[in-house]
Undergrad: 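Take this structure, written in structure tokens, and hold onto it; I'll ask about it next.
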Amino acid sequence: MSVSRDDFSIAFRSALLQRGGAQKFSVLSLIFLAIIIFFLDVYGSKFTKPFRGFLNDVVYRVTFLASTPTRFFPEASRDIIGYLNLKEENERLKALVEKYESLELNVEFLVDENKNLQKILETEYFNKNLSNIVLAKVLVDKNSPFLKSIIINKGTRAGILKGMPVTKNNYLVGRVVETNYLSSRVLLLNDLNSRIPVTLDEGAQAILSGSGTSNPVLEYLPEDYEIFEDINIFASGKDGIFTPGTPIGKTNDKSQVDLFVDPNQLSFVTVNLNVQNIGDL
Amino acid sequence: MAKYSVIRKIYHAGPLILLYYLCISEVDTNFEKIFEIFTLNFQIILIYFWVLKRPEIMANGHIFLAGLINDVVMGFPLGISSLSYLIIIFVGTYVRNKSVNTTIASDWFTFFIAMIFSNLLFFTFLNNFTEISISMTKIGYNMFFTLFMFPIFWFIFNLYRITFIGAKDA
């Protein structure tokens, strides 16, 4: 019995403290070091923030370079497939151009009408400062089962602040959650930690919550509210951060939201520097 | 002779290079696009196998550094992945010290224990000391598929070990 206990303690101690050969550090010392680094990063943000920012910038760039081969093959295959489908795509696009040409007149009329109505209501056009946006390239899009985020190649140097909304083709994709000097991390709408105040077609207010899957869900809807398919979802702007009316997605038959932008297919995004209430960020 | 020595060194460094590459690149083992719940933690399989079979290939310091890089890329607080990997090393080394002959079944079972301890610590730290929310269902699926895929990777790594490094345990 005592021999077995001795065996246990020897094996246990050896596993924790063993060094020599290729092992220059014992497991125990590295465990302590990891715990210290963890708590410094979580609680000692004043001391560690500049270091973490520098480390992030360096690692993100190395990640971008290291991922180049993995990015090349899917892009090459997409190009080849695109080339093979050129004729078919040309015909489809011609039909689309004809359709949009006929719609253009209607749009022009509606824009004029909208402006006139706004003048009557003495309201300001909420997107008047659209020029103040930053175009950013997605550096890293590592798919994690737990966190849905991307890293972009613009940071505080370009004026990006934590909390700023990120869009693609004017569709909302997420918000900035971490800023470094040369890069930022964007939390996508489908992440479990994402919460966005939204408004529905009929004017109902709700919170769009990421579910960790590709489709976020609507929470805090009015009582007895029934979700139908194809209801458009827009940012309500009630938080003072997101531009009111930014389109996000539409409801599907499972009462979830199909985002207008696929979060897994982002290569360039825009960051809106015109947040309404910078104090809340 | 020198040429063979260099090639041998490259073969020996293979698992470590793979670990660093998985941590720093965009390559992931998250196959949600193919099958909605299919995600696995390949790094811990890699670490556990080589710690168990040839610990001199996977130095503790390198694994610690790989964990730090993984945290930066994934957006986790620094040190949490390192801690999780170190627990895997600890259990692997303990099992190695206690056992003479191991089989795939015994490795599989002990890997399960290592994974439980490692993930328990990882998610306890994440839940209690950070504001990051994580779905318990996803953790369950991740653990299940990691465990499920272990024998497959065990065979692949074992083949690599026999072919390029040498079958004899260190």
Undergrad: Where does A/Leu187 contact chain B at under 4.5 Å (heavy atoms): side chain, backbone, both or neither?
TA: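 When you check distances to chain B, no heavy atom of A/Leu187 falls under 4.5 Å.
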
Undergrad: So does B/Phe117 have more than 12 non-hydrogen atoms from other groups sitting under 6.0 Å from CZ?
TA: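 Incorrect, the count does not exceed 12.
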
Undergrad: Quick one: pull up CD1 in A/Ile35 and CG in B/Leu83 and give me the separation to the nearest 0.5 Å.
TA: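 Answer for the CD1-CG pair, A/Ile35 versus B/Leu83, is 5.0 Å.
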
Undergrad: Can you say whether A/Ser26 sits under 4.5 Å from chain B via the side chain, the backbone, both, or neither, judging by heavy atoms?
TA: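 Contact with chain B is through the backbone of A/Ser26 alone.
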
Undergrad: Once you measure the plane-to-plane angle for B/Phe129 and A/Tyr43, does it fall in the parallel (<30°), tilted (30-60°) or perpendicular (>60°) bin?
TA: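 If you compare the ring of B/Phe129 with that of A/Tyr43, the planes turn out perpendicular.
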
Undergrad: Do A/Leu55 and B/Leu78 come close enough that some side-chain heavy atom pair is under 4.5 Å?
TA: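 The answer is yes, as the side chains (C-beta and beyond) meet within the 4.5 Å cut-off.
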
Undergrad: B/Ile24, B/Thr93, B/Ile87: which one forms the most heavy-atom pairs within less than 4.5 Å of chain A?
TA: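 The answer is B/Ile24.
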
Undergrad: A/Phe64 versus chain B, heavy atoms under 4.5 Å apart: side chain, backbone, both or neither?
TA: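 Neither part.
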
Undergrad: Check whether A/Thr63 reaches the backbone of B/Ser25 with its side chain - one donor and one acceptor, N or O, closer than 3.5 Å.
TA: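 No, the answer is negative, given that no donor and acceptor are paired below the 3.5 Å cut-off.
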
Undergrad: Are the side chains of A/Ile37 and B/Phe64 in contact, using a 4.5 Å heavy-atom criterion?
TA: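 In contact.
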
Undergrad: Shorter than 4.5 Å, heavy atoms on both sides: which option in B/Ile89, B/Val73, B/Ile80, B/Ile63 has the most such pairs with chain A?
TA: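 Going by pairs under 4.5 Å, I would pick B/Val73.
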
Undergrad: Select one option (side chain, backbone, both, neither) describing which atoms of B/Leu40 are under 4.5 Å from chain A's heavy atoms.
TA: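 Looking at B/Leu40, nothing touches chain A.
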
Undergrad: Identify, with sequence neighbours excluded, every residue that meets ring pair (Phe, Tyr, Trp, His ring centres under 6.0 Å) alongside B/Phe148.
TA: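 If we apply the ring pair (Phe, Tyr, Trp, His ring centres under 6.0 Å) test to B/Phe148, skipping adjacent residues, the hits are B/Phe144.
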
Undergrad: Roughly how far, to the nearest 0.5 Å, is CG of A/Asp191 from OG of B/Ser135?
TA: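 Rounded to the nearest 0.5 Å, the OG-CG separation comes out at 11.0 Å.
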
Undergrad: Output the option from A/Val62, A/Leu28, A/Asp141 having the highest count of non-hydrogen pairs under 4.5 Å with chain B.
TA: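 Looking at each option in turn, the highest pair count goes to A/Asp141.
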
Undergrad: Side chain, backbone, both or neither: which part of B/Tyr85 has an atom under 4.5 Å from a heavy atom of chain A?
TA: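 No part of B/Tyr85 comes within 4.5 Å of chain A.
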
Undergrad: Could you check which of A/Ser214, A/Ala34, A/Ser211 has the highest count of heavy-atom pairs closer than 4.5 Å to chain B?
TA: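 Maximum pair count with chain B is reached by A/Ala34.
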
Undergrad: Could you tell me which non-hydrogen atom of A/Asn193 sits nearest to which non-hydrogen atom of B/Glu131, and how far apart they are?
TA: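 Smallest interatomic distance, heavy atoms only, reads OD1-O, 3.7 Å.
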
Undergrad: Is there a side-chain contact between B/Thr130 and A/Phe38, using heavy atoms and a 4.5 Å cut-off?
TA: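 A side-chain contact exists here, since the closest heavy-atom pair is under 4.5 Å.
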
Undergrad: Taking the side chain from A/Asp41 and the backbone from B/Pro77, do they hold a donor-acceptor pair closer than 3.5 Å?
TA: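 No.
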
Undergrad: Checking heavy atoms, do the side chain of B/Tyr21, its backbone, both or neither come under 4.5 Å from chain A?
TA: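 Side chain of B/Tyr21 only, per the 4.5 Å heavy-atom cut-off to chain A.
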
Undergrad: Using side-chain heavy atoms (C-beta onward) and a distance below 4.5 Å, is B/Val72 in contact with A/Tyr60?
TA: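 Touching, per the 4.5 Å side-chain cut-off.
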
Undergrad: Which pair of heavy atoms, one from A/Leu147 and one from B/Gly75, lies closest together, and at what distance?
TA: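 Closest heavy-atom pair between A/Leu147 and B/Gly75: CD1-O, 4.1 Å.
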
Undergrad: Looking at A/Val27, A/Ile31, A/Leu30, A/Leu33, which makes the most heavy-atom pairs under 4.5 Å with chain B?
TA: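 Max contact count across the listed options: A/Leu30.
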
Undergrad: Counting only heavy atoms closer than 4.5 Å, note whether B/Tyr20 contacts chain A via side chain, backbone, both or neither.
TA: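 Contact with chain A: none, neither part.
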
Undergrad: Give, as side chain, backbone, both or neither, the part of B/Ile132 having an atom under 4.5 angstrom from any heavy atom of chain A.
TA: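 Both backbone and side chain.
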
Undergrad: Count the heavy atoms of every other residue, nucleotide or ligand shown that sit under 6.0 Å from CZ of B/Phe164, and state whether that count exceeds 12.
TA: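 Check passes, neighbour count above 12.
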
Undergrad: Identify which part of B/Asp71 has an atom lying under 4.5 Å from any heavy atom of chain A, answering side chain, backbone, both or neither.
TA: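 Answer is backbone: N, CA, C or O of B/Asp71 sit under 4.5 Å from chain A.
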
